[in-house]
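Comments concern the structure below.
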Amino acid sequence: MSANRPHRRLFTVLMWCIPAMFFVLLEVGLRLVGFGDDYPLFVPVPEALDYQVMNREVARRYFRREARVPTGLHDVFLARKDTNVVRIVVQGGSSAAGYPYYYGGSFSRMLEQRLQQSWPERHIEVVNTAVAAVNSYAMLDLADAILAIGPDAVVIYAGHNEYYGALGVGSSESIGQSRFVIRLYLKLHSWRTMQLLQSAMGRMARNADAPSAGSTTLMERMVGRQTIPYQSKVYEAGLRQWQHNLRALLRMYRRHDIPVLVGTVASNERTHAPFISASAVNFEPLYQEAMNAGDLSGAIEVMQGVVGLDSTSAQPFFLLAQLLDAKGEHAQAREAYIQAKDRDQLRFRAPEAINAITRVEAEAGGARLVDTQLALVRSAHDGIIGSDLMLEHLHPNVEGYFLIADAFYEALMADSLLGRPSRYVETRVARREVLFTVVDSLFGAYRVRQLLSAWPFRPLGTPMDPLDTLVAESPVEAIALELFRGEVQWYEATDRLRIHYEQQQDYHRALQASLAMIQQYPYLPRPYAQAADLMARQGRVDDALVYFEAANDIEEIAAVHYMLGILKMRSGRVVAAKSNLERAAELDPTNVIMRLQLSQYYVLVREREQAAASVAKLLELDPEHEAGNELQRYLASGR
């Protein structure tokens with residue numbers, strides 16, 4: 001027996017090695033044939049390798065059922081961070097990303113613009129990594145990549161997606177509630193074998209029961225469990241998920257001495273009824289009797305009795321809130337609205353327990369709590385957040401997003417996390433200068449209209465409105481519709497908007513469009529030059545010079561050098577204009593206008609030899625040029 005023991009051990013080892021070798025060979029083979037990807041958070045910008053941007057495919061780490069994954073804002077940032085760069089990273093879901101507007105409608109872009117005005121001598125980068133329909137698992141998974149780019153601070157606005165966000169406890173993209181299993185799954189996701197398995201499971205899921213992306217919204221497709229009752233096991237699991245992941249996330253950043261600002265989340269309290277409610281009490285007859293009699297106080301008493309008997313149902317609390325609201329008892333009404341929201345069994349809106357956890361974990365984790373919810377409450381009509389600040393159930397409108405940006409800005413100013421600013425930008429000034437165009441506004445309105453046309457805002461199975469019947473009633477609406485339908489990209493749409501406003505001589509709005517393009521594409525010279533030209537038309541010569549110089553720093557352009565020369569001469573900086581005018585003629589040697597301007601400049605500063613040589617080159621290009629011949633005669637006269 002003892003002689004056979006080594007053979008048994010060898011046999012056991014071989015038995016384990018065979019499947020291990022199989023998976024090793026499979027992994028190597030998949031990589032050799034180019035299957036799968038690592039899906040890094042950041043990738044180089046193809047047309048500007050000095051910059052990086054968020055990978056459009058990074059969400060494939062979390063979605064197995066979706067053929068197309070959601071993306072974010074795609075803020076570009078310098079690949080090499082020097083001491084002059086201030087970099088803030090934003091994390092969260094669709095509200096943090098700025099849905100439905102994105103671009104200048106997001107709070108992160110508003111914050112970046114205001115911070116840049118506060119520190120004009122620094123290079124401010126607010127890098128938004130938020131993605132729709134992801135939750136704290138994704139935020140925690142991406143933290144290593146965020147740390148790798150050296151953030152000076154991290155801003156978190158999240159909490160709504162703990163139930164239906166990818167890998168959430170009630171999500172169609174769930175793989176269970178075990179935090180260990182989910183974290184292990186995320187750690188192994190870069191393995192091609194895991195991606196192959198995920199791809200196969202995703203195809204089976206889509207073939208079996210997943211609605212098609214063309215007929216439904218992402219919001220509808222993310223729901224795996226439609227009813228999650230208040231204080232149920234799944235409800236509590238969602239709270240624990242947020243608590244544990246937020247705690248781990250804050251611990252990571254604290255270990256690396258990264259300041260973190262965590263916002264409380266807000267939702268529509270007043271003008272959005274609960275999606276799903278179930279009451280064990282038949283209160284309708286008494287309620288209707290009191291309402292028919294016009295007895296508001298009696299109806300309130302009825303509903304107070306109902307919520308006393310059944311404290312887990314959403315609709316009675318919502319009706320009570322509306323009655324108290326109508327009576328002018330707004331503080332009590334808001335409390336009842338919140339109770340209704342918390343008991344809504346379709347859990348798209350974060351319950352208040354999420355914010356309670358955020359407050360506790362922020363303090364324990366050394367983060368700065370920013371009460372963004374309170375900021376919206378203070379600005380809302382009667383102190384109750386409704387359609388004055390929200391578009392639907394939880395996404396803010398532009399005013400709402402600005403209030404969130406304002407709250408984070410004030411927190412950064414108060415804590416001096418970025419040092420002492422050169423100037424404090426007043427709220428009213430910042431709001432007036434937000435780079436939010438009418439095309440972005442209309443695009444957002446179309447997206448919300450489409451969202452509201454499908455479940456859960458309308459009965460299950462209702463196809464979303466394709467908006468094919470919409471007819472543009474103005475040139476601006478035509479641009480917005482083409483953008484919404486995917487017929488043009490955002491850059492082209494915004495550039496066409498700029499041209500439209502220029503033709504209308506509305507230089508303020510044209511400049512707004514140009515500055516929005518600069519914020520999205522800081523590595524392109526053309527928007528800087530366009531902005532500079534518009535500033536020059538407004539008489540802002542010094543500002544125009546700054547933007548023309550910025551365009552030239554990216555790429556030398558003859559026309560930009562020419563305009564720099566012209567503006568410097570107009571503002572009395574004649575000597576400084578020389579190098580620009582000479583460089584313009586050098587970069588575009590066949591341009592008659594630039595050659596003429598350079599020749600006239602030489603005459604003006606009495607450099608007669610250079611003037612004669614320049615005029616000769618001009619007449620080589622156009623022997624009949626009237627102004628050129630006149631200059632030559634003037635020089636020949638010796639005057």
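Residue indices begin at 1 and follow the sequence shown.
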Requested in this report: Please check if the distance between the ring centroids of H393 and F457 is under 6.0 Å.
Outcome: yes
Report task. Compute the centroid of each ring, for F408 and then for F107, and state whether the two points are separated by less than 6.0 Å. Result -> yes
Query raised in the report: How about Q519 and Q113: does a side-chain donor come under 3.5 Å of a side-chain acceptor?
Result: no
Query raised in the report: Do H123 and V86 have side chains that get closer than 4.5 Å, going by heavy atoms?
Result: no
Requested in this report: Taking all non-hydrogen atoms of both residues into account, name the closest pair between R349 and N268 and its distance.
Outcome: NH1-O, 2.7 Å
Query raised in the report: Are the side chains of M54 and D75 in touch, meaning some heavy atoms are under 4.5 Å apart?
Result: no
**Report entry** Side chain to side chain, V448 and H395, heavy atoms closer than 4.5 Å
**Finding:** no
Query raised in the report: Does the side chain of Q504 reach to within under 4.5 Å of the side chain of R509, using non-hydrogen atoms?
Result: no
Query - N/O donor-acceptor pair under 3.5 Å between S387 side chain and M390 backbone - result: no
Report task. Please indicate whether L374 has more than 12 foreign heavy atoms, meaning atoms of other residues, nucleotides or ligands, lying under 6.0 Å from its CG. Result -> yes
Query - Carboxylate-amine/guanidinium proximity below 4.0 Å for K81 and D152 - result: yes
Query raised in the report: So does R431 pair up with E399, basic N to acidic O under 4.0 Å?
Result: yes
Query raised in the report: With a 4.5 Å heavy-atom cut-off, do Y137 and L142 have their side chains touching?
Result: no
Query raised in the report: Side chains of E555 and Y528: is there a donor and an acceptor less than 3.5 Å apart?
Result: no
Query raised in the report: In Å, rounded to the nearest 0.5 Å, how long is the span from CG of L403 to OG of S379?
Result: 4.5 Å
Query raised in the report: Nearest heavy-atom pair of A59 and P70: which atoms, and what distance?
Result: CB-O, 3.6 Å
Query raised in the report: Is it true that atom CZ of R573 has more than 12 heavy atoms of other residues, nucleotides or ligands lying nearer than 6.0 Å?
Result: yes
Query - Salt bridge flag under 4.0 Å for residues D50 and R80 - result: no
Query raised in the report: Any idea how W490 and Y103 line up, ring-wise: parallel (<30°), tilted (30 to 60°), or perpendicular (>60°)?
Result: parallel
Query - Residues Q512 and T437: side-chain donor-acceptor under 3.5 angstrom - result: no
Requested in this report: First locate atom CD1 of I88, then atom CD of E125, and finally report the distance between them rounded to the nearest 0.5 Å.
Outcome: 10.5 Å
Query raised in the report: Does CZ in R485 sit with more than 12 non-hydrogen atoms of other residues, nucleotides or ligands closer than 6.0 Å?
Result: yes
Query raised in the report: Quick check, are the ring centers of F348 and Y164 under 6.0 angstrom apart?
Result: yes
Query raised in the report: Charged N to carboxylate O under 4.0 angstrom, D415 versus R420?
Result: no
Requested in this report: Tell me, yes or no, whether the heavy-atom count around R359 atom CZ, taken from other residues, nucleotides or ligands under 6.0 Å, exceeds 12.
Outcome: yes
Requested in this report: Check whether more than 12 heavy atoms from other residues, nucleotides or ligands sit under 6.0 Å from atom CD of E47, and answer yes or no.
Outcome: yes
Query - Verdict with supporting geometry, R378 and D371, salt bridge (charged side-chain N to carboxylate O under 4.0 Å, His left out) - result: CA-CA 11 Å; R378 286 174 173 167; D371 204 337; over 6 Å; no
Report summary line: All heavy atoms of G104 vs all of R109, minimum pair found to be CA-CB, 4.2 Å
Query raised in the report: In terms of the angle between their ring planes, are Y101 and Y401 parallel, tilted or perpendicular, with boundaries placed at 30° and 60°?
Result: perpendicular
**Report entry** Polar side chain donor-acceptor pair, T264 to N355, under 3.5 angstrom
**Finding:** no
Report task. Heavy atoms only: give me the nearest E269-I384 pair and the separation to one decimal. Result -> OE1-CG2, 3.8 Å
Query - Separation between CD1 of I146 and CE of M139, rounded to the nearest 0.5 Å - result: 8.5 Å
**Report entry** Heavy-atom pair of closest approach, residues A472 and L481
**Finding:** N-CD1, 3.8 Å
Query - Test applied, side-chain contact (heavy atoms from CB on, under 4.5 Å); reference residue, T129; option that passes from V90, I149, V89 - result: V89
Query raised in the report: For the residue pair F443 and F484, does the interplanar ring angle fall in the parallel (under 30°), tilted (30 to 60°) or perpendicular (over 60°) class?
Result: perpendicular
Query raised in the report: Taking side chain as C-beta onward, heavy atoms only, is E502 less than 4.5 Å from L534?
Result: yes
Query raised in the report: Counting distance only, does the side-chain N/O of Q116 pair as donor-acceptor with the main-chain N or O of R122 below 3.5 Å?
Result: yes
Query raised in the report: Under a 4.0 Å N-O cut-off, is there an ion pair linking R114 with D406?
Result: yes
Query raised in the report: Does the ring centre of Y523 sit less than 6.0 Å away from the ring centre of F77?
Result: no
Query raised in the report: Can you find a pair of side-chain heavy atoms, one from R368 and one from V260, that are under 4.5 Å apart?
Result: no
Query - Whether over 12 other heavy atoms sit under 6.0 Å from Q489 CD - result: no
Query raised in the report: Could you state the interatomic distance from CG (L41) to CD (Q52), rounded to the nearest 0.5 Å?
Result: 9.5 Å
Report task. Might you point out which heavy atoms bring A584 and A558 nearest each other, and give the distance in Å? Result -> CB-O, 3.4 Å
Query raised in the report: Should the heavy atoms of other residues, nucleotides or ligands under 6.0 Å from OH of Y157 be counted, would the total exceed 12?
Result: yes
